[in-house]
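To keep things clear, I will list the structure first and then write my remarks on it.
A note on names: the letters A, B, ... follow the listed sequences, proteins ahead of strands, and every chain is numbered from 1.
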There are 2 protein chains.
Amino acid sequence: MSTIREVADMAGVSVATVSRTLQQPDRVSPKTRVRVQEAIDHLGYKPNLMAVKFRSGKTQVLVALVPTVANVFFARVIKGMQEAAASQGYSLLLMNTMGDDDIERNCAKLVDTSQADGVIQLRAFNPFAPDQFQSEALLPMVNACEIVDGARFPTVTLDNRAAAKAMTEHLISLGHRRIAMVKGPQSSPLTRDRLAGYEDALKAAGLSIDDSLLCAGDFTLSSGYRAATTLLSLPKRPTAIFCENDEMAMGAMRKVREAGLSIPEDISIAGFDNIAFSAYAEPPLTTIAQPAEEFGETAVNVLIDVLNGKTKHALKVILPFELITRQSTGPAPDSANP
Amino acid sequence: MSTIREVADMAGVSVATVSRTLQQPDRVSPKTRVRVQEAIDHLGYKPNLMAVKFRSGKTQVLVALVPTVANVFFARVIKGMQEAAASQGYSLLLMNTMGDDDIERNCAKLVDTSQADGVIQLRAFNPFAPDQFQSEALLPMVNACEIVDGARFPTVTLDNRAAAKAMTEHLISLGHRRIAMVKGPQSSPLTRDRLAGYEDALKAAGLSIDDSLLCAGDFTLSSGYRAATTLLSLPKRPTAIFCENDEMAMGAMRKVREAGLSIPEDISIAGFDNIAFSAYAEPPLTTIAQPAEEFGETAVNVLIDVLNGKTKHALKVILPFELITRQSTGPAPDSANP
DNA sequence: GTAAAAGATGTTATCGGTTACATTTACACA
DNA sequence: TGTGTAAATGTAACCGATAACATCTTTTAC
């Protein structure tokens, strides 16, 4: 690999002139410019960007902390981040953190050690580990998808509470009175917000909240399946199951069908996320659409603004959601209205 | 951010001693070691890894060229790559290439410009653009998942032809004679290999190959749906549809159900990949399991071996597949055996 | 007690660019 | 022709670490 010095020698100029030829061509006379360019072409010279980054102190790299890259929703967010980053000349360093605090802390070190300029965190800070990032205030970071109130970073999210309320209202309007909810992990703010929206709707409709209808899952297909197993074995089973994401809803649907029940005649099922598979499920799944790619794009753009000092720290972007009504939800069965 | 020089000053030693304290602590006397460590702690010193990488000429970064990160199968491969890379002290730079030659070429430049050490390509080289990478021989690269014969790089793949043959034989053994295939994009070697396996099995069973039963798709749910639409409108429709991936199979299943047919009583459906959703489909999908995470891990490990000069260029790793028989395939309907 | 060996630490060049400042060249105008 | 100014180019410091080599200190052994 040739260096700027070799180019300079071959062109018979100084390294500064070569550098200028590349950075500010108008500050170099046309004839030397040509001579330098010939030398560059001849040697196949490519500037060592590592050296450039080292000197400039800017890496042009953003780190994305993703709980699980093998998740359909996050995959879309990643796509959005990657494209936005690329279009602004940044690279995206992807980290699969599996929600592990230690791994996340480690990844954040990439910024401390000048290997990256900023961090995008797709998971909310664990409220039980408030000192997670000691240098919080210093670290250029944005939080996306799952955020916590009072975050000290810019955040990009949607109104999960309102969305969950909208879905629950949809189910209530279909006549459902025993509506189960399959939650995400206890520690997730997402879970808390969506649960709150569910409760908002029930209260507004004058319905009581039945704890036996609340099941904990972990956003995987299998946990949805397990939750449905529990719910179907209740003495008085629900007429609708609202799952906090589509994967769990699809897991639940499988169990419901295996139990010989039909959807939505016997039980309605609703999800959250509107992943591609939802429209192809049997029956197609009623869900909340989130603009996943936009989450990623926005997070990257906000982070770059932060890096350029253009964004104030408390910025909070709220993206819109949409209730997508498909065939997995329908009128409550009569037997459920005694 | 403090530098090694500040640490040296504070500890009253030279920069070399500080460097040694971190690199080869045994070459420093215990008492200075302590003094240096105190200075490091006190200043919160973190070595600037950009400087280290610049000087060493090693970036410890691997680039992954992924056609679409928003794909369930690739997401699993990415997970495998990410973990293997992390465990060997490498970072993974993820690039969503959308199969675009220009973008891929650009990404490969990351190596030329010393921003990355090597490349993992998850897509086969476009046979129509043989000069894709001019510096092919020089670029440390491995090709995974989708490879082409005679590749000049190490490759990690599975025997797609044998796998497709096994699936087709399974369908034949169930009595199917009119077996349709939903292919991937024309340009994909995967498509060619799986088609060849399909033809192998048909020939071995003395069945003729009917071109009207071959449909082109693009590995998306919707293309599977469209392909099924075409196949169902044939004067003499197939009794089984073998899709080259699970997404297309799930798209096809949706169409078949919408047409009022049952699976597998009227039509059997088979996929390829064994993504998580397949087991939860209605009915659960018969498919070929690929060790997706292992693809990623192996590709990373081979690439690191290449970087360390431990692997010869022609290495070819073939991973095992497994035929997973679920309920989407069953005996051919009688009417199909005239 | 002293030379040799081993151990500890310091000095400095280096990686490959960028850029402030210095110097040279070119040209215009009196 | 001389001088001032602008344009072109060169020189060298610098970013922050590493490591070869030099130097100084302490053991070890006779």
### Whole-Å gap separating P (dT9(C)) and NZ (K31(B))
6 Å
### Query
OP1, OP2 of dA19(D) versus side-chain N and O of Q23(B): anything below 4.0 Å?
no
### Task
Measure from the side-chain heavy atoms of A16(B) and tell me the nearest of dA19(D), dG17(C), dT9(C).
dA19(D)
### Task
Calculate the interatomic distance between K46(A) atom NZ and dG17(C) atom C1'; express it in whole Å.
17 Å
### Message
Strictly below 4.0 Å: does S56(B) bring a side-chain N or O up to OP1 or OP2 of dC15(C)?
### Response
no
### Query
Rounded to whole angstrom units, what separation is found between the NZ atom of K53(A) and the C1' atom of dG16(C)?
14 Å
### Summary
Comparing nearest nucleotides in DNA chain C, the 5'-proximal residue of the pair S29(B), R55(B) is S29(B)
### Query
Taking only side-chain nitrogens and oxygens of T17(A), does any of them come within less than 4.0 Å of OP1 or OP2 of dG10(D)?
yes
### Task
Specify the residue among V13(B) and V18(A) whose closest nucleotide of DNA chain C lies further upstream toward the 5′ end.
V13(B)
#### Entry: Min side-chain heavy-atom separation V142(A)-T311(A) under 4.5 Å
no
### Task
Apply salt bridge (Lys or Arg N to Asp or Glu O under 4.0 Å) to the pair E146(A) and R123(A), showing each step before the final yes or no.
CA-CA 5 Å; E146(A) 190 186 50; R123(A) 191 180 73 115; 5.4 Å; no
#### Entry: Spacing of M98(B) atom CE and E83(A) atom CD [to the nearest 0.5 Å]
5.0 Å
### Task
Determine: side-chain N/O of S19(A) to OP1/OP2 of dG17(C), distance under 4.0 Å, yes or no.
no
### Task
Return the nearest nucleotide to the side chain of Y45(B); candidates are dT18(D), dG10(C), dA17(D).
dA17(D)
#### Entry: Among dT9(D), dT9(C), dA17(D), the nucleotide that comes nearest once only the side chain of V28(A) is considered
dT9(D)
### Message
In this structure, how many angstroms lie between the C1' atom of dG17(C) and the CD atom of Q115(B), rounded?
### Response
13 Å
### Query
Is the shortest heavy-atom distance from the side chain of L110(A) to the side chain of V61(A) under 4.5 Å?
no
### Polar side-chain contact R20(A)-dA8(D) base: donor and acceptor under 3.5 Å
no
### Message
Side chain of A51(A) only, heavy atoms from C-beta on: which candidate in dC15(C), dT19(C), dG17(C) is closest?
### Response
dG17(C)
### Query
Atom CG of D26(A) and atom C1' of dA6(D): how far apart are they, to the nearest Å?
14 Å
### Query
If you check the V15(B) side chain, which of dG10(C), dT18(C), dT18(D) turns out closest?
dT18(D)
### Query
Could you state the CZ-C1' distance from F54(A) to dT18(D), rounded to the nearest angstrom?
11 Å
### Task
Calculate the interatomic distance between R27(B) atom CZ and dA19(D) atom P; express it in whole Å.
12 Å
### Message
Distance check needed: dT18(C) C1' versus K58(A) NZ, whole Å only.
### Response
16 Å
### Task
For N143(B) and T155(B), run side-chain hydrogen bond (donor to acceptor under 3.5 Å, both in side chains): C-alpha distance rounded to whole Å, both residues' side-chain angles, the deciding distance at 0.1 Å, then the answer.
CA-CA 5 Å; N143(B) 215 206; T155(B) 54; over 6 Å; no
